[in-house]
Trainee: 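Sharing a structure, written as structure tokens. Questions coming.
This structure is a prediction, so every number in the text was calculated from the model and none was measured. In what follows, every heavy atom counts, from backbone to side chain, and hydrogens, waters and symmetry copies are set aside.
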Amino acid sequence: MIDIITLVASIITSGSLVTLLTLKSTRKAATESAESSELSNADKIVSLQEQYIINPLRNEISALRIDVQRLNDAIDAVKDCEHRNNCPVRKKLNGKQRI
């Protein structure tokens, strides 16, 4: 009778150990999968930010730099213009600046 109880206890214990090891390995695999998914999602977020936010802002800044350079060139050209004394644009530029 004691041998049977020992045998049953041994089977239960070894089965629990196998189950415990299986659960640990399953948990580890799930954790690794979740971490991989998080990295994949982070990469997707960076890619979307690059596509929809960063690149359009870079393009806009580049266009603004070109516009400012053209404006500076035009302002510099006013100094040499023969009509500079009656130029309404020059008067506007020399007037009070609004903030």
Side-chain angles (χ1 to χ4, degrees):
M1 181 79 165
I2 293 179
D3 291 334
I4 295 175
I5 293 174
T6 305
L7 181 63
V8 170
S10 175
I11 292 172
I12 291 173
T13 305
S14 67
S16 296
L17 182 59
V18 170
T19 303
L20 181 62
L21 292 175
T22 303
L23 288 175
K24 280 189 172 186
S25 66
T26 303
R27 180 175 163 215
K28 184 178 178 182
T31 302
E32 290 172 355
S33 175
E35 289 172 355
S36 174
S37 293
E38 287 176 11
L39 291 175
S40 176
N41 288 343
D43 289 343
K44 288 178 185 175
I45 289 170
V46 168
S47 175
L48 289 173
Q49 287 176 338
E50 182 81 24
Q51 181 180 359
Y52 292 107
I53 297 172
I54 296 171
N55 286 338
L57 286 175
R58 282 183 183 152
N59 294 339
E60 185 67 24
I61 289 170
S62 178
L64 287 171
R65 284 183 180 145
I66 292 169
D67 289 345
V68 168
Q69 185 58 49
R70 289 178 63 216
L71 180 60
N72 283 333
D73 292 344
I75 290 170
D76 289 342
V78 168
K79 292 183 251 177
D80 300 329
C81 180
E82 61 187 64
H83 304 289
R84 69 180 169 269
N85 292 331
N86 294 325
C87 180
V89 175
R90 182 171 182 251
K91 288 178 184 177
K92 186 76 168 180
L93 289 172
N94 288 331
K96 293 183 181 179
Q97 295 179 358
R98 288 189 249 173
I99 297 176

Trainee: Go through the structure and list residues passing side-chain hydrogen bond (donor to acceptor under 3.5 Å, both in side chains) with Glu50, not counting sequence neighbours.
Mentor: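 For Glu50, the residues satisfying side-chain hydrogen bond (donor to acceptor under 3.5 Å, both in side chains) (neighbours in sequence not counted) are Arg58.
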Trainee: Applying salt bridge (charged side-chain N to carboxylate O under 4.0 Å, His left out) as the test, list every pair that has at least one member in residues 60-69; sequence neighbours left out.
Mentor: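 Pairs touching residues 60-69 that pass the test: none.
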Trainee: Applying salt bridge (charged side-chain N to carboxylate O under 4.0 Å, His left out) as the test, list every pair that has at least one member in residues 36-48; sequence neighbours left out.
Mentor: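 Listed once each, the pairs would be none.
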Trainee: Could you give the distance from CG (Leu64) to CG (Leu57), rounded to the nearest 0.5 Å?
Mentor: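 It comes to 10.5 Å.
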Trainee: Could I get the full list of side-chain contact (heavy atoms from CB on, under 4.5 Å) partners for Leu71, not counting sequence neighbours?
Mentor: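 Scan of Leu71 (side-chain contact (heavy atoms from CB on, under 4.5 Å), adjacent residues dropped) gives Ile75.
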Trainee: Could you work out, with side-chain contact (heavy atoms from CB on, under 4.5 Å) as the rule, every residue matching Thr31, not counting sequence neighbours?
Mentor: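 For Thr31, the residues satisfying side-chain contact (heavy atoms from CB on, under 4.5 Å) (neighbours in sequence not counted) are Arg27, Glu35.
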Trainee: Who are the side-chain hydrogen bond (donor to acceptor under 3.5 Å, both in side chains) partners of Asp73, not counting sequence neighbours?
Mentor: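 Per chain and number, Asp73 pairs via side-chain hydrogen bond (donor to acceptor under 3.5 Å, both in side chains) with Gln69.
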Trainee: Find the distance between CG (Asn41) and CG (Leu48) and round it off to the nearest 0.5 Å.
Mentor: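 Reported to 0.5 Å precision, the distance equals 10.5 Å.
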